[in-house]
Amino acid sequence: MKKSLTILQLYPRDMNIYGDRGNTLALKKRAEQHGLAVTVVDYNPGDSFPKNIDIIIGGGGQDSGQEKIKDDLLAIKDTLHELANNGVPMLLICGLYQLFGKYFKTQTGHTIDGIGLLDITTVAGPERLIGNIVIQSEQFGEIIGYENHSGQTYLGANMQPLGQVIIGAGNNSRDGVEGATYKNVIGSYMHGSLLPKNPAITDWLIEKAAINKYSTFTPATIDDHIIRLARKYAKRRPR
Ligand code: GLN
């Protein structure tokens, strides 16, 4: 029987801006190119949390979207911690990156509690950090994306960032680092969509999930010349 992966898209109704759905589409396509069958399951507030999830993808959202999903997110907190601690790969962008941390204090001074899976805290700043962003990551090389957030995120002492900022802001206006990683969980401010332009991350998520499930993964050779052109073009765009 063909090997298969199930991807859970977290809160697509409220947390899905600047093309974040493209992450799920790219992941599905790429996993299929590696010879895996893929099922995508949407999870919205109030749904029952499905079993046998191999990868979790979550996007960004307005503060108002974050308000809509926050109670449900806290209700599934233990499940998400358990999955993360079992090595399930996850990619959380912007609004959900913030809420996988301890809290997000919004522009109006209201605090939205997060699930504390990542040791990060976020406080809205006076300016929005907007524009194309390029970072250098030890693990994935150069990562190219787009950011748009008011939140200024600070990493706890033992949190590893995803990378060092080359162009743009990243977690905050001060530290010069972007994103956070814990086990197989990546949090990042990078929209774009991120995965279509950064297949090294896509392949990593697929590999982690396939090894968790089948103990082995044999990648296919994929022709990435169009992706390389897209990366070259995206990198040349002004901030
Ligand atoms: N509302 C959050 C902020 O402005 C997240 C924004 C986003 O997901 N793009 O910081």
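Not measured: the values here are computed from a predicted model. Every number for a ligand or one of its atoms is a count from 1 in the order of the listing.
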What part of [X], side chain, backbone, both or neither, has a heavy atom within less than 4.0 angstrom of ligand 1?
| X | answer |
| --- | --- |
| H191 | side chain |
| T106 | neither |
| N148 | backbone |

Which donor-acceptor pairs under 3.5 Å do the side chains of residues 200-210 make with protein atoms, sequence neighbours left out?
unit_1: T202; atom_1: OG1; unit_2: L195; atom_2: O; d: 3.4
unit_1: T202; atom_1: OG1; unit_2: N198; atom_2: O; d: 3.4
unit_1: D203; atom_1: OD1; unit_2: R30; atom_2: NE; d: 2.8
unit_1: D203; atom_1: OD1; unit_2: H34; atom_2: NE2; d: 2.9
unit_1: D203; atom_1: OD2; unit_2: R30; atom_2: NH2; d: 3.0

field: Check: H149 N/O within less than 3.5 Å of ligand 1 N/O
entry: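 H149 vs ligand 1: no N/O contact under 3.5 Å.
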message: Regarding ligand 1, does G60 bring an N or O atom to under 3.5 Å of one of the ligand's N or O atoms?
response: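 N/O-N/O distance below 3.5 Å does not exist for this pair.
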Which atoms of ligand 1 sit under 4.0 Å from any heavy atom of [X]?
| X | result |
| --- | --- |
| G61 | 1 (N), 2 (C), 5 (C), 6 (C), 7 (C), 8 (O) |
| S150 | 3 (C), 4 (O), 10 (O) |
| Q62 | 1 (N) |
| G151 | 3 (C), 10 (O) |
| R128 | 4 (O) |
| Y18 | 9 (N) |

statement: Filtering G95, C94, A124 for the heavy atom nearest atom 7 (C) of ligand 1 leaves C94
task: Classify the angle between the aromatic ring planes of Y189 and H149 as parallel (below 30°), tilted (30 to 60°) or perpendicular (above 60°).
output: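 Answer is parallel, since the angle falls under 30°.
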query: What is the nearest protein non-hydrogen atom to atom 1 (N) of ligand 1, stated with its residue, atom name and distance?
result: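 I find the closest protein heavy atom is D63 OD1, 2.4 Å.
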Is there a side-chain contact between [X] and [Y], using heavy atoms and a 4.5 Å cut-off?
| X | Y | answer |
| --- | --- | --- |
| Y11 | D42 | no |
| I93 | L194 | yes |
| K3 | F217 | no |
| M15 | I69 | yes |

- request: Could you walk me through whether Q152 and S173 pass the side-chain hydrogen bond (donor to acceptor under 3.5 Å, both in side chains) test, one step at a time?
  value: CA-CA 7 Å; Q152 301 261 341; S173 319; 2.8 Å; yes
query: How many angstroms lie between atom SG of C94 and atom CG of D20, to the nearest 0.5 angstrom?
result: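 If I round to the nearest 0.5 Å, the distance is 7.5 Å.
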field: Non-hydrogen atom of Q98 closer than 4.0 Å to ligand 1
entry: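 Contact present.
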With R237 via side chain to side chain donor-acceptor pair (under 3.5 Å) - residues at least two apart: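 R237: no side chain to side chain donor-acceptor pair (under 3.5 Å) contacts found.
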